[in-house]
Amino acid sequence: MSQQQPPPHSTGQLMKLGVAQAVLFVAGALLGRGIGLLLGLDAFGAGGYGNKEIFGILLIGLGGGAGVQLARAWYTRKYGNPRG
């Protein structure tokens, strides 16, 4: 018996995934930057790269990564896993 492969995702569906990931990456990074500023962790501070700046950069990265994962979870729930 051969296993039947599900039909591949259309280009339009994959474009929705890419756009959603890009938009939510930027939104998450901006949210991480805002939270960092509220906590006094300025990633772009003039004082060089001390602990506060490093943690500010970390928050930006975590926010961007969380946005990408949120977009992927939305896509998987709506269309299924794009990797099949």
Side-chain angles (χ1 to χ4, degrees):
M1 280 188 184
S2 66
Q3 294 179 352
Q4 189 174 7
Q5 298 256 352
H9 293 252
S10 72
T11 303
Q13 289 173 334
L14 294 174
M15 182 65 87
K16 287 179 188 177
L17 173 61
V19 169
Q21 285 181 328
V23 168
L24 289 178
F25 172 81
V26 171
L30 289 173
L31 183 63
R33 167 104 168 111
I35 291 171
L37 289 175
L38 287 174
L39 297 174
L41 305 172
D42 189 3
F44 303 111
Y49 287 114
N51 287 338
K52 288 184 176 184
E53 289 80 15
I54 298 297
F55 283 114
I57 293 169
L58 179 69
L59 284 174
I60 293 171
L62 288 174
V68 169
Q69 293 305 312
L70 183 63
R72 182 169 283 282
W74 163 80
Y75 181 88
T76 302
R77 207 172 26 251
K78 185 165 181 152
Y79 298 110
N81 190 353
R83 296 185 181 182

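Throughout, residue positions are numbered sequentially from 1 according to the sequence presented. Computed from a predicted model, the values in this text were never measured in an experiment. Scope of the values below: all heavy atoms of this structure, side chains included, with no hydrogens, waters or symmetry mates.
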Exercise for review: Measure the CD1-CD1 distance between I60 and I35 for me, rounded to the nearest 0.5 Å.
Suggested key: 11.0 Å

**Study point:** Side-chain hydrophobic cluster, 4.5 Å single linkage: members besides V23
**Key:** M15, V19

Check your understanding: Looking only at heavy atoms, which two atoms of T76 and N81 are closest? And how far apart?
Key -> CG2-N, 4.0 Å

Check your understanding: L39 and F55: same hydrophobic cluster, using ILVMFWY side-chain contacts below 4.5 Å?
Key -> yes

Review point. Can you tell me if H9 uses its side chain to pair, donor with acceptor, with the backbone of R83 under 3.5 Å?
Key: no

Check your understanding: Rounded to the nearest 0.5 Å, how far does CZ of R72 lie from CG of L24?
Key -> 12.5 Å

Point to revise | Remaining members of the apolar cluster that contains Y49, side-chain heavy atoms under 4.5 Å | key: I54, I57

Review point. Got a sec, which hydrophobics cluster with L14, joining ILVMFWY side chains under 4.5 Å apart, including via others?
Key: L17, W74, Y75, Y79

Point to revise | Side chain to side chain, Q21 and L70, heavy atoms closer than 4.5 Å | key: no

Check your understanding: Do the side chains of L30 and L59 join up, straight or via other hydrophobic residues, at under 4.5 Å, putting them in one cluster?
Key -> no

Check your understanding: Taking all non-hydrogen atoms of both residues, which atom of A43 and which atom of G56 are closest, and how far apart?
Key -> CB-C, 3.7 Å

Point to revise | Separation of L58 CG from E53 CD (nearest 0.5 Å) | key: 13.0 Å

